Amino acid sequence: MALTGLEIYMLLPRTNCGDCGVPTCLAFAMKVASKQASFDECPHVTDEAKEKLGAAGAPPQKLVTIGVEKPLKIGNETVMFRHDEKFYNPCGIAVLVRDTDDVARKAQKVKALSFERIGQVIEVDTVALECASGDGETMKAAATELNQSLAGMPMVLIADSSELLAASAGALAASRPLLWERGGPSDALIELAASSGLPLVVEGDLEKCAADAQKAKDAGIEELVLCPGDVGPKEGLQFLTITRRAATQKSYRPLGYPSLIRVTSEDPVAQSLQACHYVYKYAGIVIMDTDQPEYILAPLVARQSIYIDPQRPVQVEAKIYEVNEPDEKSPFLITTNFSLSYYSVFGEVDGSRAPARILAVDTQGTSVLTAWAADAFGPEQIKKAIEKSGVFDQLAEGYRRPVIPGLVAVISGELSEEIGQEVIVGPQEASGLPRFLKNEWPKLVG
Amino acid sequence: MAVPDVKENFSGTINEVTIGATSEEGGTRTSTVTIGGETGYPMLGFEAEYPHPPAFALEISTAGVEGWHDECRKHLADVAGDLGAWAAKCEEWGADMICLCLDAAHPDNEGRSPQQCADDVKRVLEATGLPLLVWGTDVDEVDNNVLPKCTQAAAGENCLFGTAKEDNYRTIAASCLADNHKVLAEAPSDINLSKQLHILLRDVGVDLADMVMHPTTGALGFGMVYIYTTIERGRIAALSGDRLLQQPVLVNIGKEIGRVKEAVSPAQADPQWGSHEVRAPLWESASAISYVESGAELLVLRNPEALRQAKTAIESMWP
Ligand code: B12
Ligand code: SF4
């Protein structure tokens, strides 16, 4: 299991050269022990030391990589609760395509399931192709087309037998798809995966998964994904919880792999809610049978949320941001440097094409009201931030009037006194900004 | 192959709290709601007991639906002007409880008097047989004037009254004790603040078993995950035996949805997100499911369609 900082220290060269970015070997060892740094960030460790640590510190859940160009990496999770550390590798969210579908059209739909939120792209990053035709060549044609039009998006290939899978697996081998033989894997598929080096799904109840995983591992397959089959959300949660616990708490290797689960309900609303359920509770890949954005958005945001590092606030640099080339008479908005707050404001200003400056005040990445309540977004802090930014030098007389979020309207008087300028109270929600900037702001400064 | 036993056993249990009183119990409710009683982490039927599924309340407001977003308002157009009709409709829609918000008493609104608020409470009790959650204005002085009148007006009905906060809990605690109601204890986003508040309430005589806790609420994508983690931390402590955190958890979701762009932006403005009619209730139900995953037992919603969706989903998930 995990080594202590001191044990790791004993494996290091102990020269305190600093090449790892930390002044001493001991400090570096402590960081590795607390998983804030990885052992190989020290360029001077010996192979022998690596091996020692590697064996002792092998992750309880295997990292599995699917796809090549924009690979999906899942697994390697260490905890049941995000606050105990964090969740590391965001699960894949996959859309199901059948080889009998209009594949080109489906590919277009899947491509469109990509959105920008809080400065990050959140998107469907996996596609699952199922052989519904009962014909391996039809599936191969669909797989090839899908792979091409989706630029190598990580793919799960699903079929009832290894014979049906063989053609597509062969054609796509270089793109590293995940192979899922329903009810499998059979010996034939294990052989195929072993010879082609592709990752494999083992499907069934816990006992069968463990037994098959062992078998596949003995055959030389390192990367496996566990799947409970077509189960409902109760059994699904149970399977995902037990496999995650067996790996992370009992270091039980046969279940030390990420899991894949397919949402079974046909109702798209239920699909969406069940997908969220699995995103929170331990899925490695969730397959959904809908390509409509309104049903996929919530699971994507659920994933973005739950994989946030709870130890590190999600923040932007505290500074002035210029949007749409502002001049000396453009509005000057104030927000916090919490990513969610900043991007809410930025998104609206940018989208409305209004030129403006946005000052992100350093609130250590907390929201408007959280920061205000914690005394990090009061008149004094805002005044200091304004001074430090030098923004008033860029603004004409009469335009040095900060617009503050409506939620902190109470500070307007005091802030106004502090900076000796009039303060404008903006709308409560960022979504009110486009209208405010267009209709009200000109009157207020005019 | 023998898979290791990973079942977890806990020494603590979440308190069972019943809201509402039927005629046998001295009230006039036709049904009551009991929440809590779980002996493990959410929804793990293989290792723990889950005697009651989460309960859902629909919010109605004495100030009407001004400021509520359109996709929600469209369901309420016929009833929003009449509290009684609105409450009855919520019952029809399948709510387990009514959450009556006394917004009209807020000084920014009409500043409705304590007596009028008490009449509002009475009107709702007459119009529906469901148990009642009564939510003040979050303005301390107003709440201290208004809530005692309301607890009195609902005496014998075993309602849940809120919110009691660290800075303002004495009056509400005393009136709930006098009129036999349950107390909703609100402490922002931190289990230690919750514990502290529960101690304060206990010290003025409120039984730990008569409290429901509100860690405050953010919508999915709007702070939800911070509160999710707060609830999870509290749950772990509660199951390990910390009696100061064994209170069932309420989240107030409906209110927060109007802030979420993904939920309220019309399809013309953001076509990439698809049907707005689908997104709006789904964001509310997805936020609700998110909180059930972390342990919440009582969820306040606004949109009846979101209620239907969340209840159906929970039915399929609950052990
Ligand atoms: C998540 C959360 C937390 C998280 C913080 C996450 C973070 N990084 O900020 C945690 C758990 C850490 C937390 C802690 C606390 N919290 Co807190 N928290 C929340 C919660 C649930 C959501 C906040 C959120 O993320 N909002 C989303 C962001 C995007 O909103 P926003 O920044 O306001 O931005 C919006 C608008 O303001 C507007 N906007 C933003 N900038 C600008 C600029 C302009 C010009 C304009 C026009 C508009 C605009 O656009 C955005 C979208 O519309 C709220 C309750 C709620 N529902 O709001 C409580 C809340 C903010 N918290 C509160 C409190 C009291 C605290 C604590 C002080 C409690 C304590 N004593 O421990 C601590 C502070 C800890 C600390 N020292 O930092 C209170 C504040 C009370 C008040 N009215 O002052 C709230 C309101 C809860 C409550 N009802 O009591 N909290
Ligand atoms: S790079 Fe290696 S040897 Fe140098 S200080 Fe860091 S840990 Fe020590």
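Remember, predicted model here, so these are calculated numbers, not experimental data. Letters A, B, ... are given to chains in the order of the sequence lines, protein chains preceding strands, and every chain is numbered from 1.
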Which atoms of [X] come close to chain B, meaning under 4.5 Å heavy atom to heavy atom: side chain ones, backbone ones, both, or neither?
X: Phe338(A); answer: side chain
X: Leu340(A); answer: side chain
X: Ala270(A); answer: neither
X: Ile242(A); answer: both
X: Ala112(A); answer: neither

* Heavy atoms of other groups near Gln272(B) CD, more than 12 under 6.0 Å -> yes
* To do: Answer yes or no: are there more than 12 heavy-atom neighbours, outside Lys217(A) itself, under 6.0 Å from its atom NZ?
  => no
* To do: Return the minimal non-hydrogen interatomic distance between Met43(B) and Leu237(A), and the atom names on each side.
  =>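 Heavy-atom minimum between the residues: O-CD2, 3.3 Å.
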* Nearest non-hydrogen partners of Met317(B) and Pro233(A), listed with the distance -> CG-CB, 3.7 Å
Using non-hydrogen atoms and a 4.5 Å limit, figure out which bit of [X] sits close to chain A: side chain, backbone, both or neither.
X: Ser290(B); result: both
X: Tyr228(B); result: side chain
X: Trp283(B); result: side chain
X: Glu305(B); result: neither
X: Glu8(B); result: both

* Asked: Any side-chain heavy atom of Glu294(A) within less than 4.5 Å of one from Leu282(B)?
  ->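 Not touching, per the 4.5 Å side-chain cut-off.
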* **Lys261(B) and Glu348(A) ion-paired at < 4.0 Å** =>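 Between Glu348(A) and Lys261(B) there is a salt bridge, with a charged N closer than 4.0 Å to a carboxylate O.
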* For the ring pair Phe81(A) and Tyr41(B), is the centre-to-centre distance below 6.0 Å? ->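 Ring centres of Tyr41(B) and Phe81(A) closer than 6.0 Å.
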* To do: Write out, in numerical order, the residues from residues 273-281 of chain A with a heavy atom short of 4.5 Å from a heavy atom in chain B.
  =>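 Leu273(A), Gln274(A), Cys276(A), His277(A), Tyr280(A), Lys281(A), listed by number.
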